[in-house]
Amino acid sequence: MPSEHELIQQRLEKRERLLRLADPYPARVQRTHTALEALGVFEAAGGVDNAVTVTVVGRVTAQRVMGKAAFLDLRDGSGRIQLHFRRDVLPDYDNLDLVDLGDFLEVSGSVFRTRTGEVTVAVTSWRVITKALRPLPEKWHGLTDTEARYRQRYLDLIANERSREVARARSIIVSAVRQFFLNRGFLEVETPVLQEHAGGAAARPFTTHHNALDRDLFLRISLELHLKRLLVGGFEKVFEIGRVFRNEGVSYRHNPEFTLLESYEAYADYHDVAAMVEELLGFVAVQAHGTTEFHHGEVELSLKAPFARTTYHGALLEHTGIDYRQYPTTEALREVARSRNVPVADGASWATILDALMSTFVEPKLIQPTFIFDYPTALSPLAKKKVDDEDTVERFELFALGYEIANAYSELNDPVDQRERMEAQSAKQTEGDEEAEVADEDFLVAIEHGMPPAGGLGIGMDRLVQLIMGEHSLREVILFPTMRDRGDE
RNA sequence: GGGCCCGUAGCUCAGCGGCCAGAGCAGUGGACUUUUAAUCCAUCGGUCCUCGGUUCGAAUCCGAGCGGGCCCA
């Protein structure tokens with residue numbers, strides 16, 4: 001782009017001229033106050049002009065030059081402060097010609113209030129501490145192009161307060177979740193990302209290769225099987241917040257890498273976990289918003305316990321009139337799906353079809369947090385069966401705003417049952433179901449040594465941030481979402 | 001998977017068959033010592049996403065592709 005090229009050339013020339021005066025990229029800078037603190041000490045000193053002197057640093061976001069004086073806006077991590085430069089006090093005033101929007105300055109001076117009322121630094125000395133070579137987005141409209149916001153997030157963060165707010169909220173939410181589990185005596189652990197078998201969930205893994213070992217490895221798709229090994233090892237409460245990878249499409253709902261929380265608590269069951277999840281969401285909401293009741297646009301959301309509770313069978317029956325127990329075969333269920341215009345792939349299993357019915361007719365209706373208990377065994381190869389019902393497992397999922405937030409089981413710890421179900425999944429994979437679980441012999445050997453009864457939980461952290469912040473797209477809560485190649489350049 | 005919308009200057013956008021593609025901001029030059037979307041004058045800046053087609057003539061119409069967004073089952 002010739003025009004952009006010209007803008008960069010002009011700035012490169014200014015950089016050269018600055019280099020002749022002083023290094024415009026110094027390693028060390030002075031700073032006595034942030035912008036916010038500078039405003040604060042001025043007020044604390046009684047709002048008297050020139051009573052306090054500060055040195056502040058930050059990025060120039062606006063310039064209003066009037067011949068022999070100039071006002072610049074300086075922004076740092078705390079906020080914004082105005083600077084006043086005067087030719088009669090600054091021998092190097094003319095060097096302001098070398099300053100562009102986007103450059104970083106270090107400035108010293110006394111603080112005063114202008115006649116229009118703005119607290120401002122009367123600059124007595126200044127220097128460039130970073131010369132920028134490319135122009136920033138426009139000051140008034142900012143950066144609105146969604147694609148550019150995702151591909152060049154740094155520009156989005158410079159231009160859009162909301163993006164900064166979401167990023168900060170994410171940090172608060174993740175740290176609140178961590179604090180919640182630490183407070184309850186859970187041990188935070190880290191388990192392998194590179195694995196021999198990518199198990200613990202139904203998803204296609206990414207494959208990679210270890211050269212020295214000359215062996216293919218997979219990026220993990222869940223945290224489950226290693227955390228359970230730690231239960232075998234004797235830790236009673238463990239959790240991990242980690243990145244997992246699923247080799248699926250990219251959209252506003254899916255990113256190939258996302259952040260998962262999983263926790264396991266020995267001697268607890270899924271009802272204990274449900275109670276804990278209610279507390280957890282309430283805690284996180286209070287940390288982020290100061291309250292469990294908040295709204296996103298029209299939607300009033302309450303994360304105050306207790307949440308609504310229903311069952312898988314009951315919810316599907318209520319919203320569709322379908323009693324899935326009457327359709328025990330794949331063919332019968334496929335016919336039901338067809339009659340409701342739910343598209344079903346040719347090779348789809350009974351469980352997959354059932355899941356399609358749930359996601360189509362039930363999940364989108366669950367706006368307030370709602371627990372769905374007791375899933376079909378066929379959907380849940382790692383959960384313990386109900387005592388009185390072979391076909392149902394002790395599992396719940398929590399939904400809110402129409403999507404899944406949490407997934408929990410009374411964990412299957414009968415090694416014989418676990419082996420049978422893993423081998424059944426394995427057989428499905430051999431038949432071509434690429435999302436079926438693979439048998440992990442090492443894991444099976446581990447639980448054959450005895451894994452205590454336990455309640456396990458998984459929460460998609462990105463979804464949780466969406467829920468708390470009311471963001472529609474996953475790409476708004478992931479700083480650097482995966483994007484397709486643009487194909488040019 | 002289906003439908004709709006968008007892609008024009010660094011940024012935000014207009015132009016929707018007809019002189020040479022425009023505006024604001026940013027940039028450059030000038031005026032201006034309390035401005036704050038500063039103001040005023042002048043000026044530079046384009047692969048109109050890509051490829052193909054229709055036409056005397058295409059940013060504009062048609063087709064395909066690429067990228068992005070929204071909606072639906």
Side-chain angles (χ1 to χ4, degrees), chain A residues 1-14 49-50 60-75 80-90 93-94 96-103 109-123 132-152 154-156 158-160 249-253 320 337-346 348 353 355-365 402 471-476 481-489:
Chain A
M1 299 285 178
S3 177
E4 184 177 22
H5 180 73
E6 276 173 37
L7 293 173
I8 292 172
Q9 283 306 316
Q10 286 168 353
R11 285 171 177 242
L12 279 170
E13 282 161 28
K14 290 177 187 175
D49 282 358
N50 305 314
V60 177
T61 57
Q63 299 190 88
R64 295 175 291 281
V65 182
M66 289 156 298
K68 299 187 181 68
F71 289 94
L72 274 64
D73 288 347
L74 194 74
R75 194 164 92 196
R80 187 196 74 96
I81 192 164
Q82 182 171 253
L83 312 175
H84 190 211
F85 293 74
R86 295 171 56 138
R87 168 171 253 157
D88 55 6
V89 296
L90 293 167
Y93 179 86
D94 288 341
L96 275 180
D97 289 348
L98 304 178
V99 174
D100 287 297
L101 296 181
D103 292 354
S110 57
V111 187
F112 74 109
R113 192 186 298 277
T114 66
R115 73 175 173 211
T116 53
E118 177 152 0
V119 179
T120 300
V121 179
V123 178
L133 297 183
R134 290 175 185 267
L136 295 180
E138 194 229 6
K139 62 186 172 187
W140 187 241
H141 299 92
L143 185 71
T144 63
D145 181 70
T146 317
E147 185 174 355
R149 289 184 47 239
Y150 297 156
R151 290 190 193 274
Q152 295 180 279
Y154 47 92
L155 294 180
D156 181 37
I158 291 168
N160 297 309
V250 296
S251 76
Y252 72 98
R253 295 171 70 102
T320 65
R338 187 169 293 143
S339 73
R340 305 292 177 113
N341 292 317
V342 175
V344 172
D346 282 347
I353 300 170
D355 205 40
L357 290 169
M358 277 301 275
S359 17
T360 303
F361 297 117
V362 181
E363 294 174 10
K365 301 218 169 66
E471 286 296 336
H472 173 74
S473 171
L474 205 61
R475 289 176 161 181
E476 295 295 342
T482 305
M483 303 289 281
R484 294 173 195 276
D485 269 349
R486 258 175 316 184
D488 56 16
E489 296 187 15

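Lettering of chains follows the sequences in order, A, B, ..., and the numbering in each one begins at 1.
A donor-acceptor pair under 3.5 Å is absent between the side-chain atoms of A/Arg134 and the main chain of A/Leu7, judged by distance alone.
Remark: B/G57 base-pairs with no nucleotide; criterion is Watson-Crick or G-U wobble with both hydrogen-bond distances under 3.5 Å. In this structure, B/G67 and B/C6 make a Watson-Crick or G-U wobble pair, each of the two defining distances being under 3.5 angstrom. If you check B/G45 for Watson-Crick or wobble pairing at under 3.5 angstrom, you find it has no partner at all. Of the nucleotides present, B/A23 is the one that pairs with B/U12 by Watson-Crick or G-U wobble criteria, both distances under 3.5 Å. When both pairing distances are held under 3.5 Å, B/U39 makes a Watson-Crick or G-U pair with B/A31.
Using P as the reference atom, B/C5 and B/C19 are 27 Å apart when rounded to the nearest Å. Atom name C1', nucleotides B/G17 and B/C56: the rounded distance is 12 Å, in whole Å. The same atom, P, is picked in B/G53 and in B/C13; the two are 33 Å apart, to the nearest Å. For the C1' atoms, the distance linking B/U35 with B/U39 amounts to 10 Å, nearest Å. Comparing the same atom, P, in B/C49 and in B/C16 gives a spacing of 16 Å after rounding to whole Å. Using C1' as the reference atom, B/C70 and B/C20 are 38 Å apart when rounded to the nearest Å. Rounded to a whole angstrom, the distance from the C1' atom of B/A9 to that of B/C44 is 11 Å.
A donor-acceptor contact under 3.5 angstrom links the side-chain atoms of A/Thr114 to the base of B/U35. A donor-acceptor contact under 3.5 Å is formed by the side chain of A/Gln82 with the base of B/U35. For A/Arg115 and B/U34, a side-chain-to-base donor-acceptor distance below 3.5 Å is absent, hydrogens and geometry of angles not being considered.
With salt bridges taken as basic N to acidic carboxylate O contacts below 4.0 Å, one links A/Asp73 and A/Arg64.
Looking at the side chain of A/Leu7, the nearest of the listed nucleotides B/G27, B/C11, B/U34 is B/G27.
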